[in-house]
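Written out below as structure tokens is the structure these notes cover.
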Amino acid sequence: MLTINHYIKNTTDKYISRENIEWSNFWYDYANSSEKKRVLLIGDSTIRMVRSTFSKKYNIAADMIGSSSNLHDILFKAQVDAFFSSERYSYDAIFIQVGDHFKKNDRGGGIEEGDFSIFKEDYSGLIDFLLQYTNQIILLSIFEEVIVPKHDNIKNEYFMKLIQYIDKVVMLIQKPQYDISKNRIITRRNEIIKQIADEKLLMFCDINEIMKMTHYKRIDHIHFQKAARKFICQQYADCIKNVLD
């Protein structure tokens, strides 16, 4: 198998383009089993949000590569190669939901039009790499962000936790307000993801638009209440009926 560097040609190792905290999370579900149907989820905390539910609800092994890093950050590329260092696991399907993070370019500035072209190039490279492992790849849209209150001026820890609890309760009641400025990047990337799916003849699941039409609420700027997890997993399962049947 060829490494990710063969497919994602761009590379950066500049801390100025990274978030304050960069994280990664691997998961090999039912790691000692070769009998279960096995899918791979690639994304960040929104894909991690449903991983275990997907596994339990459909009795499958749901592996995961979770990361906050830019697709051509040397950190992400090293993580991908590390995850696939074992050749024991093969996949019936792979889901990709990346693009909410890395809101700065390699120069440390805001995302510009040229950076969207780089995103498309990197994303396409990731798909070409993954096609070595399965030909059933599902591209997921990124969730748009909603506005949440900020309380940076509150210093008392107990009072802060109380206010945050109240904020969560309010979010479960009120209609979400979408953050137009932040979603400019997400909307553009979703358009690119849909375009890539069309060009490569891959399935595109617009889970962002689907969730906007439901009654499920957010618990913060991007994550949904626990009750939404089974519904989201149902949408993903509908994409791989041939695997689950």
Side-chain angles (χ1 to χ4, degrees), residues 16-23 41-50 66-73 76 95-124 126-127 138-152 164 167-168 170-199 202-229 231-232 235-236 239:
I16 195 172
S17 63
R18 291 173 179 153
E19 298 183 356
N20 187 45
I21 295 176
E22 292 284 359
W23 61 269
L41 308 175
I42 302 178
D44 54 28
S45 57
T46 60
I47 207 80
R48 185 175 60 193
M49 173 179 68
V50 299
S67 177
S68 62
S69 296
N70 189 326
L71 295 179
H72 65 263
D73 193 314
F76 178 77
F95 292 81
I96 307 175
Q97 188 183 46
V98 297
D100 176 59
H101 287 269
F102 47 97
K103 300 287 178 49
K104 294 187 293 184
N105 58 33
D106 293 346
R107 303 171 297 283
I111 300 298
E112 301 171 356
E113 187 58 33
D115 297 308
F116 290 118
S117 298
I118 295 174
F119 173 76
K120 182 179 181 182
E121 184 180 344
D122 294 343
Y123 197 109
S124 296
L126 176 62
I127 291 172
I138 300 91
L139 310 189
L140 306 172
S141 58
I142 315 160
F143 292 121
E144 293 180 44
E145 296 187 21
V146 299
I147 298 174
V148 296
K150 291 186 177 181
H151 306 288
D152 297 335
Q164 289 174 339
D167 287 341
K168 287 184 178 181
V170 172
M171 289 187 70
L172 292 174
I173 299 173
Q174 70 179 12
K175 184 177 180 180
Q177 294 179 296
Y178 289 90
D179 193 323
I180 296 175
S181 61
K182 288 185 177 180
N183 290 334
R184 177 190 70 83
I185 297 174
I186 292 175
T187 299
R188 186 75 175 88
R189 286 177 175 170
N190 278 338
E191 292 172 352
I192 292 170
I193 294 168
K194 175 62 166 61
Q195 183 182 4
I196 293 173
D198 292 340
E199 291 174 354
L202 296 174
M203 185 174 294
F204 174 70
C205 175
D206 198 350
I207 191 63
N208 175 60
E209 288 300 321
I210 291 172
M211 293 307 294
K212 287 169 71 174
M213 297 171 61
T214 69
H215 64 278
Y216 294 110
K217 303 294 185 179
R218 308 289 185 112
I219 58 172
D220 57 26
H221 69 293
I222 200 166
H223 302 101
F224 288 90
Q225 61 184 132
K226 187 176 182 179
R229 295 177 187 176
F231 178 82
I232 294 173
Q235 309 313 304
Y236 297 169
C239 297

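- Between Arg229 and Phe224, the closest side-chain pair of non-hydrogen atoms is not below 4.5 Å.
- By the 4.5 Å heavy-atom criterion applied to side chains, Tyr123 and Leu139 are counted as neighbours.
- A salt bridge links Arg107 with Asp115: the distance from a Lys NZ or Arg NE/NH1/NH2 to an Asp or Glu carboxylate oxygen falls below 4.0 Å.
- With sequence neighbours left out, Lys194 forms a side chain to side chain contact (heavy atoms under 4.5 Å, CB included) with Asp198, Phe204.
- The local environment of NZ in Lys212 is crowded, with over 12 non-hydrogen atoms from other residues, nucleotides or ligands closer than 6.0 Å.
- Between Ile193 and Ile96 the shortest side-chain heavy-atom distance does not fall below 4.5 Å.
- Ring-plane geometry between Tyr236 and Phe95 is classed as tilted, the angle between the planes lying from 30 to 60 degrees on a 0 to 90 degree scale.
- For the atom pair CG (Asp73) and CZ (Arg18), the distance works out to 4.0 Å, reported to the nearest 0.5 Å.
- Heavy-atom neighbours of Ile210 CD1 from other residues, nucleotides or ligands within 6.0 Å: above the threshold of 12.
- The side-chain heavy atoms of His72 and Phe76, taken from C-beta on, include no pair separated by under 4.5 Å.
- For the pair Phe231 and Met211, the minimum side-chain heavy-atom distance is below 4.5 Å.
- Counting only N and O atoms by type, the side chains of Asp44 and Ser68 include no donor and acceptor under 3.5 Å apart.
- A salt bridge is absent between Lys103 and Glu19; no separation between the charged side-chain nitrogens and carboxylate oxygens falls under 4.0 Å.
- When all heavy atoms are compared, the tightest approach of Ile192 to Lys120 is CG2-CB, 3.6 Å.
- At a threshold of 4.5 Å between non-hydrogen side-chain atoms, the residues Asn208 and Asn190 count as touching.
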